[in-house]
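We number each residue from 1, following the sequence as shown.
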Amino acid sequence: MLDKELALVTGASRGIGRAIALELGRRGAKVIGTATTEQGAAAIGEVLAGAGVQGRGVVLDVSNAASVERCFKDIEAAEGTPSILVNNAGVTRDGLLMRMSSEDWQSVLDTDLTSVYRTCKAVIRGMMKARRGRIVNIASVVAVMGNAGQGNYAAAKAGMIGFSKSLAREVGSRGITVNVVAPGFIVTDMTDALNAQTREALLGQVPLGRLGSPEDVAHAVAFLASPEAGYVTGETLHVNGGMYMI
């Protein structure tokens, strides 16, 4: 159980992030979920309350250094340093490299990778002082297998894996673990909109024969955030139905 833990989940307004926030709360953690707007933050609070989870929603733009600093300062003053940090917020700006603008490249790197540096740095001093903590970063199967038209996204997510391994070595002696969950094809609004032929082509790449659910990812994150995973660090847990096996 995660009683007395304070969990911060970025990008918690829908999909995987919302499932993670609810699962950590179900296991006893107090949960703070982030969204980019006041409306989104309020909706997170309503979802948590409706599920009987203690917590709230806050506004955070992970791509903006000032927003990160302000948000974490407010959390520190109100609740203290999170003992669990889940970096889930991210964007895609897909396109073949020859057509990819520098803005689309930089936007994905700032939101999906540089943000992880910022949020981890914001919590690491408090975690080290407490001599305990769990950091779980949400990458993607694309980080390890690549995908045409997603060079920026693949670079950011692969960078997240390397960053996590390095940080795990830096803070392990203080009782802090740093791990990655790399989802495969997960049911989202985007996959719901696919035509039958495209959906069948996707399923053909997955040995388990189904798309993953946000809850599949949430369960993996909850394990890595739990006391039972205390001897697991620097690892990437692939949740992809077997479409990519190392």
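Looking at every heavy atom in both residues, S164 comes nearest to N137 through OG-ND2, 2.8 Å. Contact between L113 and A156 at its shortest, heavy atoms only, is CD1-O, 3.7 Å. Minimum heavy-atom separation, A139 to I161: CB-CG1, 4.3 Å. Scanning all heavy atoms of the two residues, the minimum distance from L202 to V206 falls at O-CG2, 3.7 Å. Across all their heavy atoms, A89 and G11 have their closest contact at CB-N, 3.8 Å. In plain terms, the two heavy atoms of C120 and F163 that are nearest each other are SG-CE2, 3.8 Å.
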Would I20 and L22 count as a side chain to side chain contact (heavy atoms under 4.5 Å, CB included) here? Give the steps. CA-CA 5 Å; I20 292 170; L22 288 172; over 6 Å; no
When you look at R56 and L48, which way does the side chain to side chain contact (heavy atoms under 4.5 Å, CB included) test go after all the steps? CA-CA 7 Å; R56 62 189 177 104; L48 294 176; 5.7 Å; no
Full working for side chain to side chain contact (heavy atoms under 4.5 Å, CB included) between V59 and T37: CA-CA 6 Å; V59 176; T37 66; 5.9 Å; no
Starting from the C-alpha separation in whole Å, work towards a yes-or-no answer on salt bridge (Lys or Arg N to Asp or Glu O under 4.0 Å) for R18 and E215. CA-CA 9 Å; R18 180 167 62 184; E215 289 72 24; over 6 Å; no
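Counting only distance, with no hydrogens or angles, the side chain of R134 and the backbone of V178 share no donor-acceptor pair below 3.5 Å. Remark: side-chain polar atoms of S67 are paired, donor with acceptor, to backbone N or O of D61 under 3.5 angstrom. The backbone N or O of Y244 lies less than 3.5 Å from a partner atom in the side chain of N240, making a donor-acceptor pair. N152 places a side-chain N or O within donor-acceptor distance of the main-chain N or O of R93, the cut-off being under 3.5 Å. Remark: the backbone N or O of I138 is paired with a side-chain donor or acceptor of K157 at under 3.5 angstrom.
Residue Y117 places its OH atom among 12 or fewer non-hydrogen atoms of other residues, nucleotides or ligands, all under 6.0 Å distant. Shown here is E69, whose CD atom has no more than 12 heavy atoms of other residues, nucleotides or ligands within 6.0 Å.
Under the 3.5 Å distance criterion, with hydrogens and angles disregarded, no donor-acceptor pair is assigned to the side chains of T10 and N88. Between the side chains of S226 and E228, a donor-acceptor pair is found at a separation under 3.5 Å. Between the side chains of T92 and Q150, no donor N or O sits under 3.5 Å from an acceptor N or O. Between the side chains of D104 and S107, no donor-acceptor pair of N or O atoms lies under 3.5 Å.
The closest side-chain heavy-atom distance from V181 to L224 is below 4.5 Å. In this structure the side chain of I124 reaches within 4.5 angstrom of the side chain of V171, judged on heavy atoms. Contact check for L24 versus V86: side-chain heavy atoms found under the 4.5 Å cut-off. N179 has its side chain out of reach of V221: every pair of non-hydrogen atoms, C-beta onward, lies at least 4.5 Å apart. Counting only heavy atoms from C-beta outward, the side chains of L8 and F72 approach each other to under 4.5 Å. For the pair V144 and T236, the minimum side-chain heavy-atom distance is 4.5 Å or more. Side chains of L211 and R199 form a contact here, defined as non-hydrogen atoms less than 4.5 Å apart. At a threshold of 4.5 Å between non-hydrogen side-chain atoms, the residues S213 and V187 do not count as touching.
Here the CG atom belonging to L2 is positioned 9.0 Å from the CD atom belonging to E23, to the nearest 0.5 angstrom. Between atom OG of residue S115 and atom CG of residue N64 there is a gap of 11.5 Å, rounded to the nearest 0.5 Å. Between the CE atom in M127 and the CG atom in L85 there is a gap of 5.5 Å [rounded to 0.5 Å]. Remark: S140 OG to I186 CD1 distance equals 9.0 Å, nearest 0.5 Å. Here the CG-CG distance, from D112 to N87, works out to 10.5 Å after rounding to the nearest 0.5 Å. Atom CD1 of I176 is separated from atom CZ of R132 by 10.5 Å, given to the nearest 0.5 angstrom.
Residues V91 and V68 do not share a hydrophobic cluster, clusters being chains of Ile/Leu/Val/Met/Phe/Trp/Tyr side chains in contact below 4.5 Å. Under the 4.5 Å side-chain contact rule for hydrophobic residues, I246 and F185 share a cluster. M145 and V180 fall within a single hydrophobic cluster, where Ile, Leu, Val, Met, Phe, Trp and Tyr are joined by side-chain heavy atoms under 4.5 Å apart, directly or via other members. Grouping the Ile, Leu, Val, Met, Phe, Trp and Tyr side chains by contacts below 4.5 angstrom, directly or via other members, places V62 apart from Y153. Residues V239 and V9 fall within the same hydrophobic cluster, defined by Ile, Leu, Val, Met, Phe, Trp and Tyr side chains chained together at heavy-atom separations under 4.5 Å.
Among residues two or more places apart in sequence or in another chain, the side chain to side chain donor-acceptor pair (under 3.5 Å) test is passed with T36 by none.
Screening E5, K4, K30 for a side chain to side chain donor-acceptor pair (under 3.5 Å) involving S83 leaves a single residue, E5.
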